[in-house]
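Before we start, here is the structure in question, set down as structure tokens.
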Amino acid sequence: MQPQYHAQAVEDTAQTFWAKHRSFEVTEKLDQPSFYCLSMLPYPSGELHMGHVRNYTLGDVIARIKIMQKYNVLQPLGWDAFGLPAENAAIKHRVSPQNWTLNNINTMRTQLKRMGLGIDWSREIQTCLPEYYRWNQWLFLQMFKKGLVYQRESTVNWDPVDNTVLANEQVIDGRGWRSDALVEKRKIRQWFFKITAYADELLDALDTLEGWPQEIITMQRNWIGRAHGVDVHFPVIDQPDPLIAFTTRIDTLFGVSYLAISVDHPLAHIAAQTSENIRAFIETSQHTDTSERSAAIAEKKGIATPFLAHHPLTGNTLPIWICNYVVMDYGTGCVMGVPAHDLRDHAFALTYTLPILPVIQPPENATTPWDFTQAPWVEPQGTLINSDTFNTHTIEQAQKQIAQVLHQQASGGQTTTYRLRDWGVSRQRYWGTPIPMIHCDHCGLVPVPESELPVILPLDLPMTKTGAQLAQYSTFVDTTCPHCNAAAQRETDTMDTFVDSSWYYARYACPDQNQTMLDDRAKYWTPVDQYIGGIEHANMHLLYARFIHKVLRDIGLLNSDEPFQKLLAQGMVLKDGKKMSKSKGNVITPMPLIEQYGADTLRLFSIFTAPPEQTLEWHSEGVEGAQRFLNRFWLLCYQWKDAVIGCQTQPPLEHFTQPNLLKMHSDCHLIVKQLCFDVERQQFNTVVSAVMKLVNLISELAPDVESTETAWLAHETLSIMIRALAPITPHICHVLWQALAYGDNVLEADYPQEDLQAIQRAQITLIIQINGKLRGQLCIDAQMSKDKIIESACALENIKKYL
RNA sequence: GCCGGGGUGGCGAAAUUGGUAGACGCGCCAGAUUCAAAAUCUGGUGGUGGUAACACCGUGUCGGUUCGAGUCCGACCCUCGGUACCA
């Protein structure tokens, strides 16, 4: 053992040892509890960034703790290798998306390995390879058979100059990012997964996810957005179909002063046929991107139609307006306008001078009388007024009875809607999984027979622009119909990459399986015990994966209800207050730091700097502190080496002759107690703090080979420190564990546990507060009686002052 | 806009969930070591007043509950993430 710590040499030694012993390659074992620890798979953007370091270090810390706790631990890794950036890079650098992607994977794999992660690399998957994506296609066909796949028109961002579909990210201030042309909405036929068929289960099962952070459960609950309400039918004068409006506030039905329909509503299109103004209004609303955010922050505008509707209960006529704030995708694309009791309707009514009809009297204790011209009364409290026979009813009674009356006269009924929309999986892009469908003029839509999977994505077409390149490539498009053998065309849309990442965790269990998507090994390993990934995936990825898991369960390939038992939503790594990203040019690359300081230093830094869930604002100063600590730790072990190796027998506690050592031993285990608590709640930054405290504690002692008591205390404390830190800085701990002759492999040692007996204290420090303010301290015997304690406390000079 | 977080010394943070605010680390200051520097070691370090003991103030802002609030309640400000085609 050298007196100086040389990270590079230490890390080579440890990594060679793990490789030689295949320390992280695992198989199914029935006599040992399994633990599946998974970090979200990376997108191969080109280089490792700090977010990766944080994510994979956290996962590795948890995996290694579980190994030391004697679980059969699986920690795999693969690549989310399809997606938009590869197409952009391909055009920019004149390489194929495949080459760009695979090169990036090779670079990043080397970088990840340099971090010393305990990963079973034999299970690596790459989603852009046919061995993987054929099962996307197979899954698509199974879902098609089950009626969970369908086609319908939906809106995309269209760049009229580049003639291509743009992702929301490619639209900047309403313009295409390359062409700078004003983006238009365009409707095209697209494929959908019917996630709404699982909406209730996805929502209700949230209550079973005890290992998930509450805020993510709340986000998913709100995202699904189940709302119970009533569909109300409003007959439209001189039109065959009534307007149907969904409302959760049927109690305000008598307060309706207008109906608002979406610009995409069929009735809006009929109105446009006869009015140039309406046509222009609808046209203007098309010049924006498709994001919900843009729609929500846009100025609320409307235009009256020539149509009128009848109120189903009063028979009054109501004007029908086309409004840019009504979304066609939610509910029925039509809402009833109740200005007196809805914020948005109130503002709209003021702008367009529509009547404000109060129908709920606010309760007594509210500001009375309520001035409805100033603000709507939106609280669901109060009694009904101006509502015919329902006057004086409470809101609850009115909701029940009005719904009943509507039902009786066939003007509506109770219903449930969801904010959740079906999952559009079509992409008009090249670099993705081809959708396995064929368009035949005679037979219509025909699924590709399973025996003909995979439908291979051609690699030899020229990349000149992003978008639907496959459609231009006749070698791919032209085929024959599997039914009638006539000439037919392949579907040229590819799948959303979220499909790839919705089941990959199960594929790691059987990556070599080429007969089926998943085999029984997937049932052994799933569900994932611990999933770790960025909070930015709280809604989409985590909801899609839950959905597909349930589909795979229903197909019989999996036997659990949920994919991820426990979830650690890691905070983002920010630089200058912003998410690190290439487009913002604020990316910190960790590799130079690893070269300079070693992987352990960077791992220690990323764990120590902030608790896992919190956003981490990047500052480079702390890295040197982490390095300094490891130097100190190494030197400490070096100084105690002989004493520790020479110390074989452990004197029982009660035979300790030096009270200061006994005190130190007790302090040590108090720190360990806290450490174990923090490990349990996954607050790893304070686990590092605890080890630092232990180092400070032992540094007070001079290494002494002669004193068995001192040597034993050091023997025990150093052993605890090395084992506690081993999951976080595995290389240095591996080498130190051997150097101090504790054993061959620290991974096989037990994770530290506090010694409760050691913590029993003869004396306790008591804090004395008067009116919540600290006024004194008292050191007392643990056995002292209450009366005696009060007597002693009152005797203190400082306490007398305040009594 | 909507949904979900966050805001504590010069900086990253801690406070076992209503009971010693600032553990641990970074930075800074002083000292030791050195021809000198780096590295290392020792001590100090929220603010104000005081030689000191100690006192008062202090966890984004304003208000409330409590013997006692960083922690609970109400309103607001700032900020980050998501917002369905970035992943």
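In what follows, chains carry the letters A, B, and so on, assigned in the order in which the sequence lines appear, proteins first and then strands, with residues in each chain numbered from 1.
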Nearest to the side chain of A:Phe608 - B:G25, B:A87, B:G81?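 Among B:G25, B:A87, B:G81, the one nearest the side chain of A:Phe608 is B:G25.
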
Quick one: the side chain of A:Gln428 and the base of B:C85, do they pair up donor-acceptor inside 3.5 Å?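 Donor-acceptor pair under 3.5 Å: yes.
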
Complementary nucleotide of B:U45, counting Watson-Crick and G-U pairs under 3.5 Å: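 B:U45 is paired, partner B:G27.
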
With a sphere of 6.0 Å drawn around CD of A:Gln214, does it hold more than 12 non-hydrogen atoms of other residues, nucleotides or ligands?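 Result for CD/A:Gln214: enclosed.
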
Of the listed nucleotides (B:G25, B:U16, B:A87), which one gets closest to any side-chain atom of A:Met692?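 Selected nucleotide (nearest to the side chain): B:G25.
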
NZ/A:Lys301: more than 12 non-hydrogen atoms of other groups inside 6.0 Å: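 No, the 6.0 Å shell around NZ holds no more than 12 heavy atoms from other groups.
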
Closest to the A:Ile767 side chain: B:G82, B:U20, B:C85?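 Looking only at heavy atoms from C-beta outward on A:Ile767, the closest nucleotide is B:U20.
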
Could you state the CZ-P distance from A:Phe629 to B:U40, rounded to the nearest angstrom?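 The distance from CZ of A:Phe629 to P of B:U40 comes to 14 Å, rounded to the nearest Å.
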
For B:G12, is chi within 90° of 0 (syn) or not (anti)?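 Chi for B:G12 falls in the anti range.
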
Do NZ/NE/NH1/NH2 and the carboxylate oxygens of A:Arg221 and A:Asp207 come within less than 4.0 Å?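 A salt bridge is present here (some side-chain N lies under 4.0 Å from a carboxylate O).
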
With A:Arg628 via salt bridge (Lys or Arg N to Asp or Glu O under 4.0 Å) - residues at least two apart: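 For A:Arg628, no residue satisfies salt bridge (Lys or Arg N to Asp or Glu O under 4.0 Å) once neighbours in sequence are set aside.
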
Closer to the 5' end of RNA chain B via nearest nucleotide, is it A:Ala610 or A:Ile216?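 Closer to the 5' end of RNA chain B: A:Ile216.
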
If pairing requires Watson-Crick or G-U wobble contacts with both distances under 3.5 Å, which nucleotide is the partner of B:A53?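 Pair assignment: B:A53 / none.
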
May I ask you to evaluate whether A:Asn168 reaches the phosphate of B:A84, defined as a side-chain N or O under 4.0 Å from OP1 or OP2?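 For A:Asn168, the contact criterion (side-chain N or O under 4.0 Å from OP1 or OP2 of B:A84) is met.
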
Under the ring-ring contact (aromatic ring centres under 6.0 Å, His included) test, which residues partner A:Tyr150, sequence neighbours left out?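 Scan of A:Tyr150 (ring-ring contact (aromatic ring centres under 6.0 Å, His included), adjacent residues dropped) gives A:Phe192.
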
Ignoring the backbone of A:Ala167, work out which of B:C86, B:A15, B:G82 is nearest its side chain.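 When the side chain of A:Ala167 is considered, B:C86 is the closest of B:C86, B:A15, B:G82.
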
Quick one: on RNA chain B, does A:Thr290 or A:Ala296 contact a more 5' nucleotide (nearest heavy atom)?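 The residue whose closest nucleotide sits nearer the 5' end is A:Ala296.
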
A:Arg293 side chain, from C-beta outward: closest of B:G1, B:A14, B:A87: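 Of B:G1, B:A14, B:A87, B:G1 is nearest to the side chain of A:Arg293.
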
If I pick the P atom on B:G27 and the same atom on B:U17, what distance separates them, to the nearest angstrom?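 33 Å, rounded to whole Å.
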
OP1 or OP2 of B:A14 versus the side-chain N and O atoms of A:Gln674: is any pair under 4.0 Å?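 Answer is no, no contact under 4.0 Å.
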
Assess whether a salt bridge exists between A:Arg186 and A:Glu153, defined as any Lys/Arg side-chain N lying under 4.0 Å from an Asp/Glu carboxylate O.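 A salt bridge is absent here (no side-chain N lies under 4.0 Å from a carboxylate O).
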
Counting only side-chain N and O atoms of A:Asn685, is one of them less than 4.0 Å from OP1 or OP2 of B:A14?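 It does, given that an N or O in the side chain of A:Asn685 lies less than 4.0 Å from OP1 or OP2 of B:A14.
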
Aromatic ring proximity A:Phe82/A:Tyr133, centre distance under 6.0 Å: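 Centroid distance A:Phe82-A:Tyr133: below 6.0 Å, so yes.
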
Searching all strands shown, indicate the nucleotide that pairs with B:G74 (Watson-Crick or G-U wobble; both distances under 3.5 Å).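 The base-pairing partner of B:G74, which may sit in any strand shown, is B:C62.
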
Establish, with yes or no, whether the OP1 or OP2 oxygen of B:C67 is under 4.0 angstrom from a side-chain nitrogen or oxygen of A:Arg775.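 Looking at the OP1 and OP2 atoms of B:C67, neither is under 4.0 Å from any side-chain N or O of A:Arg775.
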
Looking at A:Arg429 and B:C85, is any side-chain donor or acceptor paired with a base atom of the opposite kind under 3.5 Å?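 Such a pair is found, so the answer is yes.
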
Which whole-number value in Å describes the distance from A:Lys693 NZ to B:A13 P?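 Distance, rounded to whole Å: 17 Å.
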
Work out how far the P atom of B:A21 is from that of B:C57, and round it to whole angstrom.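 The answer is 12 Å between these two P atoms.
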
Taking 4.0 Å as the cut-off, does a side-chain nitrogen or oxygen of A:Arg632 come that near to OP1 or OP2 on B:C41?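 Looking at the OP1 and OP2 atoms of B:C41, one of them is under 4.0 Å from a side-chain N or O of A:Arg632.
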
Just compare B:A23, B:C41, B:C85 and give me whichever is closest to any side-chain atom of A:Thr686.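 Among the listed nucleotides, the one closest to the side chain of A:Thr686 is B:A23.
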
State yes or no: are the ring centers of A:Trp212 and A:Tyr531 separated by less than 6.0 Å?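 No, they do not, as the ring centres are separated by 6.0 Å or more.
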
Roughly, in whole Å, what's the span from CZ in A:Phe82 to C1' in B:A87?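 Taking CZ of A:Phe82 and C1' of B:A87, I get 15 Å after rounding.
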
NZ/NE/NH1/NH2 to OD/OE distance under 4.0 Å, A:Arg421 and A:Asp329: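 A:Asp329 and A:Arg421: salt-bridged.
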
Checking the side chain of A:Arg603 only, and the main-chain atoms of A:Ile728 only, is there a donor and an acceptor separated by less than 3.5 Å?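 A pair under 3.5 Å: yes.
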
Take atom CZ of A:Arg421 and atom P of B:A84, then tell me their distance rounded to the nearest Å.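 These atoms are roughly 7 Å apart.
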
Where the side chain of A:Trp223 is concerned, which of B:A84, B:U20, B:C86 is the nearest nucleotide?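 Between B:A84, B:U20, B:C86, the one nearest the side chain of A:Trp223 would be B:A84.
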
So which of A:Arg427, A:Gln428, A:Arg189, A:Gln151 actually passes side-chain hydrogen bond (donor to acceptor under 3.5 Å, both in side chains) with A:Asp493?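 Running side-chain hydrogen bond (donor to acceptor under 3.5 Å, both in side chains) over A:Arg427, A:Gln428, A:Arg189, A:Gln151 with A:Asp493 returns exactly one hit, A:Gln428.
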
Paired with B:A32: which nucleotide, if any, by Watson-Crick or G-U wobble criteria at under 3.5 Å for both distances?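 Checking every strand shown, B:A32 finds its partner in B:U40, with both distances under 3.5 Å.
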
Polar side-chain contact A:Glu215-B:C3 base: donor and acceptor under 3.5 Å: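 Flag unset: no donor-acceptor pair detected.
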
Write down the protein N/O and nucleotide N/O pairs, taken from nucleotides 68-70 of chain B, whose separation is under 3.5 Å; answer none if there are no such pairs.
none

Determine the Euclidean distance between corresponding P atoms of B:A55 and B:G4; express it in Å to zero decimal places.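 B:G4 and B:A55 have their P atoms separated by 44 Å.
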
Of all the choices, B:A87, B:A15, B:A13, which nucleotide is nearest to the side chain of A:Arg681 once you look at every atom?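 Within the option list, the nearest is B:A15.
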
Euclidean distance for P, B:G22 against B:G47 (whole angstrom):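 Straight-line distance between the two P atoms is 14 Å.
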
Rounding to an integer number of Å, can you tell me how far A:Asn539 CG sits from B:G5 P?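 Between P of B:G5 and CG of A:Asn539: 12 Å.
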
Proximity to the side chain of A:Gln190 - top-ranked nucleotide from B:C85, B:G12, B:A87: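 Per side-chain heavy atoms of A:Gln190, the pick is B:C85.
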
Can you find a side chain N or O atom of A:Asn222 that sits less than 4.0 Å from OP1 or OP2 on B:G4?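 For B:G4, OP1/OP2 do have a side-chain N/O of A:Asn222 under 4.0 Å.
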
Suppose we call a contact any N or O donor and acceptor under 3.5 Å apart; does that hold for the side chain of A:Glu292 and the base of B:G1?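 For A:Glu292, whose side chain was compared with the base of B:G1, there is a donor-acceptor pair (under 3.5 Å).
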
In terms of side-chain heavy atoms of A:Arg628, which of B:C26, B:A87, B:A15 is nearest?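 Between B:C26, B:A87, B:A15, the one nearest the side chain of A:Arg628 would be B:C26.
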
For B:A21, which nucleotide is its Watson-Crick or G-U wobble mate, given both distances must be under 3.5 Å?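 Across all strands, not a single nucleotide pairs with B:A21.
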
Can you tell me if A:Arg427 touches the phosphate of B:C85, counting only side-chain N or O atoms and a distance under 4.0 Å to OP1 or OP2?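 Yes, within the criterion.
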
